[in-house]
Amino acid sequence: MTKVITYGTFDLFHEGHYRLLQRAKELGDYLIVGVTTEEYDQTRGKLNVMDSLMTRIENVKKSGFADEVLIESSPGQKALDIQKYQVDIFTVGSDWVGQFDYLNEYCKVIYLERTKNISSTILRAQKASIQRIGIIGTGRIAERFIPEAKLVSGINTEAVYNPHLESAKRFAKKWEIDAYESLDEFYDAVDAVYIASPHETHYQYIQSALRHKKHVLCEKPMVLARSQAQELFEYAKEQGLILFEGIKTAYCPGFTKLLGIACSGMIGTIRNIEACFTKLENPLSRELTDVKYGGSFTELGSYVMLPILKILGSQFQELRFDSIKGENGLDLFTKAYFTYGEGMGTATCGLGVKSEGRLVISGTLGYIVVEAPWWKTAYFEVHHEDPRDVEKFSERFLGDGLRYEISDFLSMINGSSRSEYKLTRGDSVALAGVMEKFLETEGREMNAVMEGQVK
Ligand code: C2G
């Protein structure tokens with residue numbers, strides 16, 4: 001008798017799960033299915049699981065393919081189970097290809113092609129539908145999105161669009177999703193869109209996605225002009241659509257905890273915030289050659305402004321910039337100075353100068369220091385006058401951290417959570433306003449509507 005084993009969350013049970021179990025059973029005579037516990041999913045960074053463990057087990061049983069169901073509750077359990085149950089074949093969907101090769105030591109490992117275009121659900125009406133998401137753009141950040149989205153339940157990445165069809169096809173093949181030549185067809189295949197194209201095209205893509213009644217999660221900087229941000233948020237609200245700016249720091253648990261502590265009074269009234277983020281880039285990269293939209297501040301400014309705007313607000317009295325420029329006029333290192341009635345902030349960023357990536361929030365009773373990479377907040381300390389009086393806080397930051405914004409984006413779409421407080425439309429409008437002011441001082445007035453024309 002050939003024994004087969006597979007594992008999964010099986011949340012919001014859908015065709016992908018059903019077909020996986022069906023083919024897993026066909027690999028042998030006896031199929032064992034491991035269903036993950038909520039705790040295990042938490043530890044492996046799977047977010048947004050909607051169904052209870054019992055419901056998920058029930059759905060697996062109802063499929064009729066499982067001869068036995070067990071609980072997967074810890075990392076490393078797979079190898080033990082395979083030995084304990086004398087399993088001949090381990091199988092899982094191809095979105096995990098390579099990740100379980102180590103199990104070849106114990107049994108045959110087979111990756112079954114993942115199911116694309118899951119739309120309807122089976123077995124029973126779900127309390128929340130599966131959101132089909134499409135990606136616009138095929139660059140570095142888009143590459144990071146899919147593995148992160150896989151660890152958020154309730155979402156299925158289905159499609160990719162890039163004006164250069166060859167890039168879209170290459171990306172689609174690699175990630176087993178569909179490439180679209182026409183933007184209209186792309187929109188028809190999805191419920192929501194993740195925009196990871198160059199900054200100057202964001203405005204046009206957001207506008208067209210909203211017009212096609214799609215929810216939008218757009219990479220930072222969302223847009224480079226205050227009026228554009230205001231217009232897009234207004235339109236999204238009128239259409240009952242969700243528009244999110246993707247600044248991963250804003251949505252990660254560590255940063256949320258940090259803001260809570262900073263605003264709790266533990267360090268008194270906040271008087272000064274200094275945030276620094278530098279990342280040496282190849283001088284030939286787009287960021288350092290695109291004289292219209294490149295440079296350090298458009299690339300990293302969203303991060304270093306975030307703590308200042310979230311804590312001191314967007315009603316600053318003065319704003320000025322100092323930059324070190326390269327030969328082509330792009331800023332290699334920029335400091336933005338925010339002056340408020342009761343405090344100040346300095347946002348420092350650089351693609352051509354390396355500095356200590358630290359965040360320091362100073363108050364009348366003490367200060368908070370977050371070492372690099374504070375933008376992936378995982379650990380911070382609260383210091384007081386007495387150097388021995390230090391409180392330490394930590395929070396896990398999993399993977400590339402995009403899963404947190406994806407999970408909150410999904411929660412907002414499903415109306416199941418009010419996560420907007422993490423990055424409000426007011427925050428995004430203020431960020432766009434500062435970007436616009438920076439580009440004006442640089443003499444790079446924005447004309448994104450024309451310049452960023454979607455090709
Ligand atoms: N699956 C699929 N097609 C989809 C979605 C999922 O074939 N469109 C497969 C997955 O590859 C997996 C199984 O269905 O083999 C269950 O998927 P999930 O519930 O998302 O479980 P997952 O997070 O992939 O966990 O230890 C658990 C394993 O790592 C799998």
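Numbering of ligands and ligand atoms starts at 1, following listing order. All values below come from the heavy atoms of this structure, side chains included, with hydrogens, waters and symmetry mates left out. The structure displayed is predicted, hence computed values, not measured ones.
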Can you name the nearest heavy-atom pair linking K116 to E176, along with the distance?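 Shortest heavy-atom separation between K116 and E176 comes out as CD-O, 3.0 Å.
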Which heavy-atom pair separates A159 from V190 by the least distance, and what is that distance?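 Here A159 and V190 meet closest at CB-CG1, 4.0 Å.
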Can you sort out which atoms of ligand 1 are near [X], meaning under 4.0 Å from one of its heavy atoms?
X: F10; answer: 16 (C), 19 (O)
X: N156; answer: 8 (N)
X: V92; answer: 15 (O)
X: D95; answer: 10 (C), 11 (O)

Using the side chain to side chain donor-acceptor pair (under 3.5 Å) definition, which of the options R114, E15, H14 pairs with N156?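 By the side chain to side chain donor-acceptor pair (under 3.5 Å) criterion, N156 pairs with just one of R114, E15, H14: R114.
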Taking the six-membered ring for Trp, are [X] and [Y] ring centroids under 6.0 Å apart?
X: F145; Y: Y194; value: yes
X: Y187; Y: Y180; value: no
X: Y379; Y: F393; value: no
X: F10; Y: H17; value: yes

Heavy-atom pairs closer than 4.0 Å: do any link ligand 1 to the side chain of [X], the backbone, both, or neither?
X: E72; value: side chain
X: Q99; value: neither
X: K116; value: neither

Counting only heavy atoms not in K376, do more than 12 fall under 6.0 Å of its NZ?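 Enclosed.
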Any side-chain heavy-atom pair from I273 and L359 closer than 4.5 angstrom?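 Of all side-chain heavy-atom pairs linking L359 with I273, at least one is under 4.5 Å.
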T115 vs Y18 side-chain heavy atoms within contact, under 4.5 Å: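 Side-chain contact under 4.5 Å: no.
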Among all protein heavy atoms, pick the one closest to [atom] and tell me residue, atom and distance.
atom: atom 15 (O) of ligand 1; answer: G93 N, 2.8 Å
atom: atom 13 (C) of ligand 1; answer: L20 CG, 4.0 Å
atom: atom 24 (O) of ligand 1; answer: W96 NE1, 2.6 Å
atom: atom 6 (C) of ligand 1; answer: H17 CD2, 4.1 Å

With a 4.0 Å cut-off, would you call K310 and D427 a salt bridge?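 Looking at K310 and D427, the cut-off is met.
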Indicate yes or no: does an N/O atom of [X] lie under 3.5 Å from an N/O atom of ligand 1?
X: E113; result: no
X: T9; result: yes
X: L151; result: no

Kindly identify the option in [options] whose heavy atom sits closest to [atom].
atom: atom 29 (O) of ligand 1; options: F100, F13, Y111, Y7; value: F100
atom: atom 22 (P) of ligand 1; options: K46, H14, R114; value: K46
atom: atom 4 (C) of ligand 1; options: T36, T115, V49; value: T115

Assess K78 for proximity to ligand 1: is some non-hydrogen atom of it under 4.0 Å away?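 True for this residue.
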Quick check on R44 - does any of its heavy atoms sit under 4.0 Å from an atom of ligand 1?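 Under 4.0 Å: yes for R44.
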Relative to each other, are the rings of W374 and F255 parallel, tilted or perpendicular (30° and 60° limits)?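 Judged by the thresholds at 30° and 60°, the geometry between W374 and F255 is tilted.
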